[in-house]
There are 2 protein chains.
Amino acid sequence: MARVRLVDVAERANVSMKTVSNVVNGYAHVQPATRARVQAAIDELGYKPNLTARRLATGRTGMIALAMPEIDHPYFAEVARHVAEVASDHGYRVIIEQTLGDETAERAVLRDRDAGLVDGVIFQPLRIATLDIARFHQDLPLVLLGEVEAPVTTDHVMVDNVRGAADATSHLLAAGRTRIGFLGLVEGDITATNSRRLLGYQEALVGAGVPLDPGLVLTTSGFGSDAAAVAVDDALSRGLRFDALVCRDDRFAIGALTALRRHGREVPGDVALVGWDDSAMAQWAWPPLTSLAPDKHELARVAFELLLERMQGTTGVGRHRVVPHTLQVRESAPGA
Amino acid sequence: MARVRLVDVAERANVSMKTVSNVVNGYAHVQPATRARVQAAIDELGYKPNLTARRLATGRTGMIALAMPEIDHPYFAEVARHVAEVASDHGYRVIIEQTLGDETAERAVLRDRDAGLVDGVIFQPLRIATLDIARFHQDLPLVLLGEVEAPVTTDHVMVDNVRGAADATSHLLAAGRTRIGFLGLVEGDITATNSRRLLGYQEALVGAGVPLDPGLVLTTSGFGSDAAAVAVDDALSRGLRFDALVCRDDRFAIGALTALRRHGREVPGDVALVGWDDSAMAQWAWPPLTSLAPDKHELARVAFELLLERMQGTTGVGRHRVVPHTLQVRESAPGA
DNA sequence: AACCTGCGTTACAGCGCTGTACATTCGTCG
DNA sequence: CGACGAATGTACAGCGCTGTAACGCAGGTT
């Protein structure tokens with residue numbers, strides 16, 4: 001079953017290839033009669049345009065890449081969904097690249113090893129730093145996601161991690177908690193996200209006149225909830241006393257939940273917990289997690305919009321956008 | 001900054017375009033000296049092959065589509081991750097299409113509206129039935145996922161839903177449960193998944209000499225956990241008595257958990273719960289869910305392998321593969 | 001010496017589409 | 001009534017790559 005080509009349709013309809021092309025692409029100035037004849041030929045032959053050929057001719061691929069550490073992490077999966085939807089509204093398809101936080105994979109994203117695959121990239125880096133981004137990034141339109149020290153030339157979308165952490169902390173203070181811990185820093189982590197959130201946590205405490213206790217800042221050995229559970233376990237075994245934890249994300253909060261339960265502590269009775277990302281886990285955990293909710297839809301929308309402008313030729317210095325967040329209050333840390 | 005093309009490299013290295021192409025593609029019979037000269041030219045000019053052009057010339061895209069109802073559903077996200085990894089090992093990239101369970105979108109997947117975008121499709125249908133699949137599917141290699149009545153010509157990978165449900169039910173029987181319900185059928189659902197699972201549940205009960213009680217089969221109004229919670233709420237309010245539920249998936253189990261909690265029933269004390277998918281939710285839920293675990297990695301591997309063979313030209317009747325499952329036992333339904 | 005063999009390489013014709021430049025027709029206006 | 005611009009359609013040259021056929025040449029065979 002040989003593929004039907006433009007020229008086949010053209011022959012059938014007794015017009016030139018280009019006229020068929022015009023019909024397919026909805027070009028305005030085609031006689032209704034001609035259009036009808038061409039359309040009939042298209043339907044009869046079951047013609048479908050070959051995207052690859054079109055791409056070669058136009059130089060546009062109509063695809064963007066979305067590169068993230070893990071596509072099955074709830075937060076990233078949700079962001080991916082929103083990006084795919086926004087892109088689709090604008091006629092773009094999305095290729096998802098999973099970097100698994102691997103430095104080589106992240107560089108490959110920037111190097112654009114194979115040219116002409118996508119028109120632009122939305123990229124949430126995990127391991128790679130500013131210098132590398134500037135060094136490896138070439139002329140492919142790029143928008144960065146997350147708390148990255150983006151080079152001055154690169155567009156960038158994030159939430160205000162300092163404000164977010166401060167909001168979470170203030171919520172706990174307002175609810176009467178006095179010994180609030182931060183979970184947590186991650187060993188070997190070079191991104192700024194955690195330190196920004198830690199800063200927000202500290203600012204809120206200082207702002208409320210609560211003395212900082214370095215012992216209340218817990219460090220984990222990794223990004224998984226297991227690592228978080230171990231850190232909380234350790235703290236409890238050491239006899240550390242706290243009545244609330246600001247967690248760097250929902251996974252950590254889940255880990256904390258597990259550890260607290262093992263030690264017979266009640267949530268929120270003994271310890272209140274705030275997570276971050278407002279991912280599906282926050283809703284289904286027990287008790288459901290109060291969680292700092294970045295506006296993921298807005299994040300995707302803004303990121304795609306910036307990228308679209310770049311793809312359309314906008315040049316100039318990098319633009320930095322902050323998307324709003326809210327605190328989604330649930331049982332793990334109820335209001336005052 | 002004009003793009004470097006093959007011909008530019010060829011000029012620089014004083015060879016023909018084709019020789020450069022041979023070097024780029026690792027063709028064996030190239031003199032080491034020539035190869036080195038060409039490679040040097042490539043490096044100096046920073047040449048990167050244009051994938052679109054290559055595709056047009058070869059007719060292969062090196063991409064497959066993965067079409068699923070929702071990419072941020074934990075189960076699908078995990079499967080997507082595995083598919084992406086397997087595909088990547090074989091040099092393929094994955095485009096993720098989200099159908100949102102929309103019939104039109106599902107048909108579009110099969111119709112392959114734009115030709116030449118991908119070499120094959122892995123597709124988990126939700127709404128579309130056998131006839132439609134046969135009708136709309138054209139010559140694009142296709143592998144179906146899930147309990148579908150696949151047309152005889154189409155490859156297909158699934159878990160044994162009857163056995164799985166029977167295993168889950170037997171586990172509950174072995175643990176001494178006597179009034180075991182099934183949650184649930186879904187109104188308007190036309191796929192076979194639920195009815196197969198219901199069948200397995202019934203077979204296990206009959207096999208153990210437990211009389212079937214139709215009242216213990218609950219029907220929900222949708223696929224979300226909210227709908228499941230409503231169904232369980234209703235059953236409890238009606239005074240239905242049961243000491244275990246086999247749930248059609250983890251989302252339903254989560255919904256059941258919510259409803260039981262509202263009515264003051266303990267899990268697993270009063271009611272044991274078995275989910276399905278062994279998605280991440282099963283682990284975060286409290287109590288953690290015993291869940292029927294399809295081997296998702298194997299599912300992805302087998303599906304991709306079948307697709308690969310089709311893309312390489314295998315023809316013939318559809319092959320049906322069953323991938324193994326295990327019962328992941330956690331607190332919501334402990335062993336005997 | 002004439003002939004083959006096979007490696008290394010080249011020249012060139014596509015792959016299927018769109019952009020550009022140009023030809024034709026038509027309605028309208030001075 | 002001729003002229004001119006807009007509307008409509010055509011021809012053809014690319015887009016950048018790979019497949020194919022064919023060529024030159026070294027080394028071995030008869």
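Only a predicted model underlies this, so the values are computations on that prediction, with no experimental measurement involved.
B:Arg5 places its CZ atom 16 Å from the C1' atom of D:dT18, with the value rounded to the nearest Å. Between the C1' atom of D:dG16 and the CD atom of B:Glu11 lies a distance of 14 Å, rounded to the nearest Å. In this structure, CG of A:Leu45 is placed 15 Å from C1' of C:dG16, rounded to the nearest angstrom. Atom NZ of A:Lys18 and atom C1' of D:dG9 are 11 Å apart (whole Å). With rounding to whole Å, B:Leu6 atom CG is found 12 Å from C:dT10 atom P. Regarding A:Asp8, its CG atom lies at a distance of 11 Å from the P atom of C:dC15, rounded to whole Å. Nucleotide D:dG9 holds its C1' atom 13 Å from the CZ atom of A:Arg35, rounded to whole Å.
Classification of the B:Tyr92-B:Phe304 ring pair by plane angle, with boundaries at 30° and 60°, yields perpendicular. Below 30°, between 30° and 60°, or above 60°: for A:Phe76 and A:His73 the angle between ring planes is between 30° and 60°, a tilted geometry.
Nucleic acid contact class of A:Thr19 (heavy atoms, under 4.0 Å, all strands): base.
In this structure, A:Ala57 and B:Thr34 both approach DNA chain C, and ranking their closest nucleotides by distance from the 5' end singles out B:Thr34. Between A:Asn22 and A:Met17, the one whose closest nucleotide on DNA chain D sits nearer the 5' end is A:Asn22.
Within the structure, every side-chain polar atom (N or O) of B:Thr52 is placed at least 4.0 Å from both OP1 and OP2 of D:dC17. Within the 4.0 Å cut-off from OP1 or OP2 of D:dG9, not a single side-chain nitrogen or oxygen of A:Ser16 is found.
Residues A:Glu78 and A:Arg81 are not paired through a salt bridge, judged by the lack of any N-O separation under 4.0 Å between the basic side chain and the carboxylate. Under 4.0 Å is where a charged nitrogen must lie from a carboxylate oxygen, and between B:Glu305 and B:Arg321 no such pair does.
Nearest to the side chain of B:Asn50, among C:dC17, D:dA7, D:dG16, sits D:dG16. Checking D:dT18, D:dA11, C:dC17 against the side-chain heavy atoms of B:Arg54 singles out D:dT18 as nearest. Here D:dC15 is the nucleotide among C:dT9, D:dC15, C:dT18 with the atom lying nearest to any side-chain atom of A:Leu56. Nearest nucleotide to the side chain of A:His29, out of C:dG8, D:dC17, D:dA7: D:dA7. Of the listed nucleotides (D:dG9, D:dG19, C:dT9), C:dT9 has the atom at the smallest distance from the side chain of B:Tyr27. In this structure, the nucleotide among D:dT18, C:dT10, C:dG8 sitting nearest to the side chain of B:Gln31 is C:dG8.
With 3.5 Å as the limit, one finds a donor-acceptor pair spanning the side chains of B:His320 and B:His156.
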